[in-house]
Amino acid sequence: MSARILDGRSIAQEIRREVRLEVGELTKRTGSVPCLATVLVGNDPASTTYVRNKVRACEEVGIVSVRIDLPADLSQEALLHEIARLNRDPSVHAVLVQLPLPPHISERRVLEAVLPGKDVDGFHPSNLGGLLAGSPLFVASTPLGILELLTRSNVAVEGKHAVIVGWSVVVGKPTAFLLLQQQATVTICHIKTRDLGFHTRQADILVVAAGKPGLVTGSMVKEGAVVIDVGVNRLADGGIVGDVSFSEVAEKVSLITPVPGGVGPMTVAMLLKNTVQACRLACGAAGRHGVEVVR
Ligand code: NAD
């Protein structure tokens with residue numbers, strides 16, 4: 001293997017240490033302790049694990065976490081009522097609704113109900129629109145984590161050709177806009193893209209977020225590229241793999257994220273950062289999110 005590993009786990013740990021200090025400093029200055037409410041509807045095992053990890057990460061850095069577990073047959077009205085209550089509660093600075101929601105509930109309706117100033121997931125249309133305009137209150141944690149991973153690994157983005165596979169609101173689209181704001185040339189590919197390999201071979205920076213194990217193979221990457229594998233795919237034997245055929249791609253590229261241990265830990269770390277930012281906003285101690293506008 002010739003590639004260097006982009007170690008999300010250790011960079012995330014560094015960020016958590018910084019967040020812990022920021023929490024202490026903010027509490028001392030304002031008297032407020034950042035508080036994140038996580039809302040879980042039903043008991044999907046993967047979602048339950050994600051929520052447990054987020055709660056544990058909060059506790060580790062001194063963020064208060066309020067866990068709200070609701071039954072899978074809860075009505076949409078009742079969920080909206082719960083979110084309205086959290087929106088009104090001044091001791092709750094950040095609200096995260098764990099996705100996916102049961103099929104009888106409209107995710108769009110629910111995500112739109114979260115107050116933009118508490119929307120640490122960055123999925124509210126006002127924050128998505130803010131990203132497009134270059135001044136969001138919050139950006140989704142996974143795309144922010146990808147950018148932070150690149151920045152802290154000294155990967156220059158400006159002028160590079162970044163190719164994103166996947167155009168979801170959770171990962172693909174916000175990642176594309178963040179990289180565009182850093183003045184990369186951006187190509188977005190998706191399930192209908194013809195000849196995916198043609199596009200991925202152009203990438204200086206390749207971000208893959210499709211949820212398809214083995215989608216990107218060695219012949220689909222350029223020598224020396226930087227590869228960010230966002231995919232999380234659970235195998236029948238319980239193992240977890242990304243969307244990139246790690247061993248063959250690592251032979252050709254210069255930097256690559258492992259799965260697990262790449263983007264996943266960065267996502268949690270950036271959620272913690274966003275929660276501290278939400279507390280700052282509530283205390284009137286913050287400007288807009290630190291995404292620089294470049295035109
Ligand atoms: P999604 O299903 O909403 O979107 C998948 C995207 O991939 C779509 O835009 C689709 O067009 C594209 N796609 C699917 N198959 C393709 C193919 N064969 N060729 C080209 N494009 C294809 O998924 P998502 O929410 O964006 O998540 C993507 C993956 O990232 C999943 O594995 C998910 O578990 C993972 N994920 C990881 C983190 C993390 O923190 N590590 C966070 C969010 C999502």
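Atoms within each ligand, like the ligands themselves, are counted from 1 in listed order.
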Carboxylate-amine/guanidinium contact Glu112 Arg108, below 4.0 Å =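 Salt bridge: yes.
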request  = Distance to 0.1 Å, residue and atom name: give those for the protein heavy atom nearest to atom 27 (O) of ligand 1.
outcome  =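 Checked against all protein heavy atoms, atom 27 (O) of ligand 1 sits closest to Val171 CG2, 4.4 Å.
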ask   = How close does the nearest protein non-hydrogen atom get to atom 21 (N) of ligand 1, and which residue and atom is it?
value =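 Its nearest protein heavy-atom neighbour is His190 C, 3.0 Å.
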message = Quick check on atom 2 (O) of ligand 1 - does any protein heavy atom sit closer than 4.0 Å to it?
response =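 Within 4.0 Å: no protein heavy atom nearby.
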message = For a salt bridge (Lys or Arg N to Asp or Glu O under 4.0 Å) check, start with the C-alpha distance between Lys273 and Glu148, then their side-chain angles and the critical distance, and finish with the verdict.
response = CA-CA 12 Å; Lys273 264 185 109 64; Glu148 195 71 17; 5.6 Å; no
Counting heavy atoms only, name the option from [options] that's nearest to [atom].
| atom | options | result |
| --- | --- | --- |
| atom 5 (C) of ligand 1 | Ser168, Pro100, Ala210, Ala140 | Ala210 |
| atom 30 (O) of ligand 1 | Val216, Val208, Val230, Ile228 | Val230 |
| atom 29 (C) of ligand 1 | Gly211, Ser141, Pro260 | Gly211 |
| atom 34 (O) of ligand 1 | Thr175, Val232, Thr142, Val241 | Val232 |

Looking only at N/O atoms, are [X] and ligand 1 under 3.5 Å apart anywhere?
| X | value |
| --- | --- |
| Asp243 | no |
| Val165 | no |
| Leu215 | no |

query = Hey, which atoms in ligand 1 end up nearer than 4.0 Å to a heavy atom of Gly166?
reply =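 That gives atoms 6 (C), 7 (O), 9 (O), 12 (C) of ligand 1.
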key: Nearest-0.5 Å distance, CD1 of residue Ile11 to CZ of residue Arg152   =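 If we round to the nearest 0.5 Å, Ile11:CD1 and Arg152:CZ are 7.5 Å apart.
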message = Is it the case that the side chains of His161 and Thr187 hold a donor-acceptor pair, with the cut-off being a distance below 3.5 Å and no angle test?
response =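 Looking only at side-chain atoms, His161 and Thr187 do form a donor-acceptor pair, the distance falling under 3.5 Å.
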request  = Classify the side-chain pair Thr217/Ser245 by whether it contains a donor and acceptor separated by less than 3.5 Å.
outcome  =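 No donor-acceptor contact under 3.5 Å links the two side chains.
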ask   = Backbone N or O of Ser254 within a donor-acceptor pair of the Arg4 side chain at under 3.5 Å?
value =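 No: the side chain of Arg4 does not pair with the backbone of Ser254.
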request  = Could you tell me whether the side chain of Gln76 and the main chain of Ser106 form a donor-acceptor pair under 3.5 Å?
outcome  =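 Yes, the answer is positive, given that a donor and an acceptor are paired below the 3.5 Å cut-off.
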Listed partners of Asp69 passing side chain to side chain donor-acceptor pair (under 3.5 Å), at least two apart =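 In terms of side chain to side chain donor-acceptor pair (under 3.5 Å), with neighbours along the sequence ignored, Asp69 is linked to Arg67.
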ask   = Between Lys212 and ligand 1, which residue portion shows a heavy-atom distance shorter than 4.0 Å: side chain, backbone, both, or neither?
value =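 Side chain only; the backbone of Lys212 stays clear of ligand 1.
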ask   = Of all the heavy atoms in Cys189, does at least one lie under 4.0 Å from an atom in ligand 1?
value =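 No.
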key: Within-shell test, Gly172 vs ligand 1, heavy atom, strictly < 4.0 Å   =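 False for this residue.
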message = Show, in sequence, the C-alpha distance, side-chain angles and deciding distance for Arg85 and Glu82, and conclude whether the salt bridge (Lys or Arg N to Asp or Glu O under 4.0 Å) test is met.
response = CA-CA 5 Å; Arg85 187 184 68 77; Glu82 187 61 29; 2.5 Å; yes
